[in-house]
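Before any comments, here is the structure.
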Amino acid sequence: MASEPRSVTPGRLEPMLPVLLPVVKRRRETGDTVTLALDPGPEGFGFAPGQFNMLTVLGLGEVPISISGDPGDRSRLVHTIRAVGPVTRALCRLTPGATVGVRGPYGTPWPVAGQTGRDILIIAGGLGLAPLRPALCQVLARRREFGAVEVIYGARRPEDLLYREELSRWRGRFDVRVHVTVDAAGADWRGPVGVVTTLIPHARFDPPYTSAFICGPGVMMRFTVGDLLARGVPEERIFVSLERNMQCGLGLCGHCQLGPLFVCKDGPVFSYARVKEWLTLREI
Amino acid sequence: MTRLEPLLAEHPFCRDLAPGQISRLAACARERQFAADEVLAREGEEIREFFLIRSGRVALEIFTARRGPLLIQTREAGDFLGWLGLEPHALWVVDARALEVTRVLILPLPCLNQLLEEDPILGYQLLKRFTQGLARHFASMKRQVVNLLHGL
Ligand SMILES: Cc1cc2nc3c(=O)[nH]c(=O)nc-3n(C[C@H](O)[C@H](O)[C@H](O)COP(=O)(O)OP(=O)(O)OC[C@H]3O[C@@H](n4cnc5c(N)ncnc54)[C@H](O)[C@@H]3O)c2cc1C
Ligand code: FES
């Protein structure tokens with residue numbers, strides 16, 4: 001029986017009060033997406049893969065953003081942000097030296113530790129690779145504990161692929177297989193073109209002994225969950241990360257409610273078995 | 001048994017066909033290897049062959065004057081490329097180009113169509129498999145359109 005991800009409570013005494021952290025590195029990932037590394041100071045910043053922070057741009061507002069760095073490295077706090085509205089656009093414009101308000105980490109993690117002995121499937125669509133990158137880092141750091149490790153990643157176009165360097169580094173390893181697809185490409189692309197589920201038949205895993213971590217847009221997660229269930233991956237070992245509008249991030253305001261659950265506190269990572277009652281597949 | 005029979009039998013499109021059906025298909029089939037960038041089919045040309053992809057990867061492309069070829073979907077090992085049941089002299093609506101060294105079994109349509117007319121049981125089996133594959137290709141295509149129009 002797989003255990004449900006549990007929320008890891010924030011360590012700070014005043015959970016509503018952001019701390020200001022300086023940007024130390026900015027990397028442009030794609031046309032509209034940027035990765036910012038913040039310096040959390042000498043104590044470092046501990047988090048579990050899949051957790052998020054509330055990031056504030058002073059005078060503009062606060063948004064939930066997943067932590068996308070390596071949980072084994074406490075000295076850098078990394079977020080990958082896509083510019084979609086006022087706050088995320090402002091975050092994407094920040095350069096080294098600017099400061100960001102940070103409170104967190106919040107939410108439930110990908111339960112990597114509970115999957116010893118299983119095959120691991122990590123399936124990401126678009127920006128969904130950001131919250132899954134820490135999970136993959138943790139899986140690779142504990143590689144001996146797992147069976148096959150397969151990463152399936154889909155983006156809109158080749159130029160929308162995140163973390164290109166890491167992708168090729170992971171691809172170069174013999175103990176993990178990385179499958180990448182895009183929805184459309186030019187003539188110089190040599191990889192598959194199609195949706196992520198078209199790659200699932202090419203991944204090597206033993207469904208009853210597999211745990212799957214999935215993050216991406218709703219439609220992508222819906223079809224991926226459906227496909228894995230049909231192949232016999234148990235629903236309690238299919239984990240999804242859900243996005244809802246958030247305000248407090250602490251289970252207080254009710255903005256992110258899903259049935260009796262608060263996505264900010266009980267999630268964002270849930271087993272499909274836990275949320276399916278509140279979420280028909282159509283609504284993921 | 002000819003050399004092509006085991007190759008046909010192990011391809012998902014022919015899996016679980018009776019040995020007699022496999023040998024009738026093998027009588028039509030030939031084998032071919034395409035180098036990277038070699039073209040299997042070109043838009044506007046008559047569809048004369050049905051391809052079973054054994055290994056490699058094939059790009060389906062639409063050529064645009066302004067942006068060159070646009071890659072719209074790929075076909076991988078285990079998949080098929082082509083059409084069954086179309087009117088005679090139907091034309092390819094995409095270019096198909098090998099993206100890497102690609103090995104295929106080719107079933108020329110005149111021979112294949114004659115076989116399917118003469119053997120309706122085999123014809124039904126192959127059309128069923130063709131329809132299932134087509135449904136898969138269309139499902140993927142529809143979601144690609146959603147991703148491209150509404151963001152992924
Ligand atoms: C748990 C969690 C983790 C997240 N992790 C990341 C991350 O790692 N990187 C990242 O870039 N974004 C992430 N998001 C989404 C991010 O929080 C929103 O994009 C952000 O709140 C938008 O704020 P804004 O002021 O820039 O734009 P707004 O003006 O608030 O929104 C602009 C547009 O984006 C849409 N939008 C807003 N929030 C969301 C959302 N949650 N999902 C989908 N569409 C939305 C709005 O409907 C609107 O169309 C996460 C959200 C949650 C709940
Ligand atoms: S964001 Fe306030 S309860 Fe979840």
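Sequence lines set the chain letters: A, B, ... in the order given, protein chains first and strands last, and positions in each chain run from 1.
Interatomic distance, CH2 of A:Trp189 versus CD of B:Glu61, reported as 14.0 Å (0.5 Å rounding). Rounding to the nearest 0.5 Å places CG of B:Asn147 at 9.0 Å from CE of A:Met220. Of the inter-residue distances, the one linking B:Leu70 atom CG with A:Arg157 atom CZ reads 8.5 Å to the nearest 0.5 angstrom. A distance of 8.0 Å separates CG of A:Asp183 from OG of B:Ser140, quoted to the nearest 0.5 Å.
No side-chain donor from either of B:Arg136 and A:Thr198 sits under 3.5 Å from a side-chain acceptor of the other.
With contacts defined as side-chain heavy-atom distances shorter than 4.5 Å, the pair B:Glu100/A:Arg190 does not qualify.
Only the backbone of B:Ala77 has a heavy atom closer than 4.5 Å to any heavy atom of chain A. Both the backbone and the side chain of B:Gln73 come within contact range of chain A, each with at least one heavy atom under 4.5 Å from a heavy atom of that chain.
Of the listed residues (A:Gly194, A:Gly128, A:Pro201), the one with the most heavy-atom contacts under 4.5 Å to chain B is A:Gly194.
A donor-acceptor pair under 3.5 Å is absent between the side-chain atoms of B:Arg143 and the main chain of A:Val195, judged by distance alone. With B:Arg97 contributing its side chain and A:Ala187 its backbone, the two residues share a donor-acceptor pair below 3.5 Å.
Taking all atoms of both residues into account, the shortest heavy-atom contact from A:Val193 to B:Thr74 is N-OG1, 2.7 Å. Of all heavy-atom pairs between B:Leu99 and A:Gly191, the closest is CD1-O, 3.8 Å.
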